[in-house]
There are 2 protein chains.
Amino acid sequence: MQIKSPNMSVDLLSRPKCSECPIRHRAVCSRCDADEIEQLEQIKSYKTFAAGDPILWRGDDLTYVASVVKGVATLSKTMEDGRIQMVGLLMPSDFIGRPNRKTIEFDVVAATEVTLCCFQRVPFERLLATVPHVSQRLLEIALDELDAARDWMLLLGRKTAREKIATFVEMMVRRQHVDGLGLDHEPLVLPLTRDEISNYLGLTLETVSRQLNALKKEGVLQFVDRRRFEVIDMAALHAASGDDSDGGVLC
Amino acid sequence: MQIKSPNMSVDLLSRPKCSECPIRHRAVCSRCDADEIEQLEQIKSYKTFAAGDPILWRGDDLTYVASVVKGVATLSKTMEDGRIQMVGLLMPSDFIGRPNRKTIEFDVVAATEVTLCCFQRVPFERLLATVPHVSQRLLEIALDELDAARDWMLLLGRKTAREKIATFVEMMVRRQHVDGLGLDHEPLVLPLTRDEISNYLGLTLETVSRQLNALKKEGVLQFVDRRRFEVIDMAALHAASGDDSDGGVLC
DNA sequence: TCGGGCTTTTGATCTGCATCAAAGTCAGCG
DNA sequence: CGCTGACTTTGATGCAGATCAAAAGCCCGA
């Protein structure tokens, strides 16, 4: 399944179906009737950001809610002294912003070129209040995000550098596979620099580089350039991640 | 404001009001009409667990959703080799379980004696589908939890042991204050053992002990026994937490 | 009151990852 | 092309917190 053409209001609540992973990849929401879609159309617009552009800064007014159509954005927190922790990686079909909150608490930055499908927040909230299945859908999305955040807490608090890297690479494989960004046996992409990966995993960029090269040396991965790679030994990769056998949660 | 007597259905969605902290402490939900309360009454029951009792084990069927009335429970993930990461601390008014999910992905254990207000999941979901403000309320709760989880990710990934401990103690102060568990200038309680705290903070129990004693030696805290303490120097505690000036988020 | 089994403290040592430093690689662009 | 600046790799060293070990304190029941 490919990314939706940017011409459907249901972008906001849809997601490619993935039989493997019940947590983060949800079935397409097709419950909106014609009238509801019409309402969404009227408050909708598309915005594009270049790689590196800030999308929202901590404290900004949330005039829009949005969903990622194309590209990858990062969601992160920064401490006063500059330490950064990424708390989410926003890929196609992920949701940005939230109803009933006027400002955002995190920094959102485009990691690659990003296209967003935006809806004006206030009218969107009205829709929320009148159309019950929309708020139920949003509740599902929020609970999925909560599960993903908690899985990431296990990674940050208890995993070794090697396990963190293996988990991250495995996640890239799964998400790109189901999102249709890379066809089978095409090289996969790391949408982040070593520095950004380190901020996601709670490591330094040097450690990320060393661990990635260690996996290469062991024949688990192969790099075609600094951003593109192939997995040679999926089983070894999974074994290194420290996750339970099925590994279904963190994709 | 004291803990509610266990006689009101609105236990599920209510929470003591706290003017200081908009994130985790929500205003009481009083939108249910008499008929809705009646419906909730019929699917409600109270359950009590002794300290140390497991409440739910990973993979268990979720026959109930519940909210904590009294006591403290922990929510955690365990790796195959025994490493544990606590991903949530459930205190009075916190919600357990979720609609539309048949099993739970985490272990829930009573840290102290715990009283839960339980609702049968399936009928509760029916209520969700028919009464829009309940799902909106649950969405708010889920989004608050998500913010808290993401703040905790910053702690786990980037804070030092000292900052972690200071943040944790500060959180105990705030939550016990607003939940009315301890009156002003009464000793505050650590509802967890050193080992449990270490699992919450991604540390070892020895490091927790050392850092807590360091804060004592510096005159920031004072212990009346191993579980009870007073904060002598709130400003120093906050300064040690590494959080932004107002510190409003992690309470 | 004593004793046994917890939890906690304290000390000594080790190590994984951070930090510091410098060289290497690549993409874009004049 | 070759220069420039950003990203990445690699190496050397240091240290926060883990690990290992043992003593001390505390609760509780006999």
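In what follows, chains carry the letters A, B, and so on, assigned in the order in which the sequence lines appear, proteins first and then strands, with residues in each chain numbered from 1.
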If you check the [X] side chain, which of [options] turns out closest?
{"X": "B:Arg194", "options": "C:dT8, C:dC17, C:dA18", "result": "C:dT8"}
{"X": "B:Arg227", "options": "C:dC17, C:dT8, D:dT10", "result": "C:dT8"}
{"X": "A:Leu205", "options": "D:dA18, D:dT8, C:dT10", "result": "D:dT8"}
{"X": "B:Gln211", "options": "C:dT8, D:dT9, D:dG17", "result": "D:dG17"}
{"X": "B:Asn213", "options": "D:dG17, C:dT10, C:dC20", "result": "C:dT10"}
{"X": "A:Thr160", "options": "C:dC17, D:dG17, C:dT10", "result": "C:dC17"}

**Prompt:** Distance only, no hydrogens: is a donor on one side chain within 3.5 Å (strictly under) of an acceptor on the other, for A:Arg83 and A:Asn199?
**Reply:** no
Donor-acceptor pair under 3.5 Å, [X] side chain vs [N] base:
{"X": "A:Glu196", "N": "D:dC7", "value": "no"}
{"X": "A:Arg210", "N": "D:dG11", "value": "yes"}
{"X": "B:Arg226", "N": "C:dT7", "value": "yes"}

**Item:** Face-on cation placement of A:Lys47 at A:Tyr64 ring, 6.0 Å and 45° thresholds
**Value:**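 Geometry flag: set, cation within 6.0 Å and 45°.
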**Item:** Closest-nucleotide ordering on DNA chain C, the 5'-leading residue of B:Val208 and A:Arg162
**Value:** B:Val208
